[in-house]
Asks: 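So that we are looking at the same thing, I have put the structure below in structure tokens.
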Amino acid sequence: MTQIPLPELALVALVGASSSGKSTFAAQHFGPSEVLSSDHFRALVSGSEHTLDANAAAFDSLFYVAAKRLERGLLTVIDATSVRPDDRRRLVDLARAHDVLPVAIVLDLPRGVLEARHEARGDRPFNAAVIGRQQTELRRTLRGMGKEGFRHVWTLRTSEDVEAAQVTRVP
Ligand code: GTP
Ligand code: MG
């Protein structure tokens, strides 16, 4: 079982392809105002979670709010795919700018699980091939993640791992 002891003052990146279970994990382990989700910010700035050309505005807003929370010393969870190193670098830089520890929880589930969940959801208006590309990008770059500046990287590889994970806060 994976124990995830989080520092009280951390920026937590949930990393994983669409349908890997980031938002579900976030809702199980964190309070609603601790979690900043890119989907939610896309909806706030454009009226829909799926407006892809609202990405820049959504992330600007998400980062603005994250910075305000970190200034107050509040643990903050970023629920976005973050499968690309450039996306994660921005998170590490934000944490460093606020003297907060950046940590990552990676949900790297088997492709078949992601595709089955995607088909079952029906609320994601894109082809499962998109998820395949996200997973490929994550796996291509996962081994180097330890050198991206995260203090800890916890990787969960099966739904059993994810369900059994225990998140605690350490002073
Ligand atoms: P995006 O927001 O599209 O990036 O996906 P996500 O990573 O936030 O995934 P989400 O938490 O929305 O989960 C996707 C689907 O998988 C949902 O239908 C969930 O109910 C299901 N799911 C998530 N986590 C688990 C899990 O641990 N076990 C099982 N059986 N289903 C899960
Ligand atoms: Mg989600």
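What you see is a predicted model; the values in this text were computed from it and never measured. Note that ligands are numbered from 1 as they come in the structure, with each ligand's atoms numbered from 1 the same way.
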Asks: Do side-chain atoms of Gln134 reach the backbone of Ser18 as a donor and acceptor pair under 3.5 angstrom?
Replies: yes
Asks: Name the one of Ile105, Thr81, Leu107, Val106 that satisfies side chain to side chain contact (heavy atoms under 4.5 Å, CB included) with Leu14?
Replies: Ile105
Asks: Between Arg84 and Asp86, is there a side-chain N and carboxylate O pair less than 4.0 Å apart?
Replies: no
Asks: Let's go through Val65 and Lys68 carefully: what are the C-alpha distance in whole Å and the side-chain angles of both, what is the deciding distance for side-chain contact (heavy atoms from CB on, under 4.5 Å) to 0.1 Å, and is it a yes or a no?
Replies: CA-CA 5 Å; Val65 175; Lys68 294 294 176 197; 5.6 Å; no
Asks: Anything under 30° is parallel, anything over 60° is perpendicular, the rest tilted; go ahead and classify Phe25 against Phe30.
Replies: tilted
Asks: Taking the six-membered ring of Phe63 as reference, does the cationic atom of Arg90 (NZ for Lys, CZ for Arg) lie under 6.0 Å from its centre and within 45° of its axis?
Replies: yes
Asks: Who's touching ligand 1 if we go heavy atoms under 4.0 Å?
Replies: Ala17, Ser18, Ser19, Ser20, Gly21, Lys22, Ser23, Thr24, Asp39, Arg117, Arg121, Arg124, Glu163
Asks: Within the 4.5 Å heavy-atom criterion, are Trp154 and Gln3 side-chain neighbours or not?
Replies: no
Asks: OG of Ser20 to CD of Gln135: how many Å apart, nearest 0.5 Å?
Replies: 9.5 Å
Asks: At distances under 2.8 Å, what protein N, O or S atoms surround the Mg ion (ligand 2)?
Replies: Ser23 OG
Asks: Go through the steps to decide whether Asp60 and Phe41 satisfy the test side-chain contact (heavy atoms from CB on, under 4.5 Å), and finish with yes or no.
Replies: CA-CA 9 Å; Asp60 282 355; Phe41 278 86; over 6 Å; no
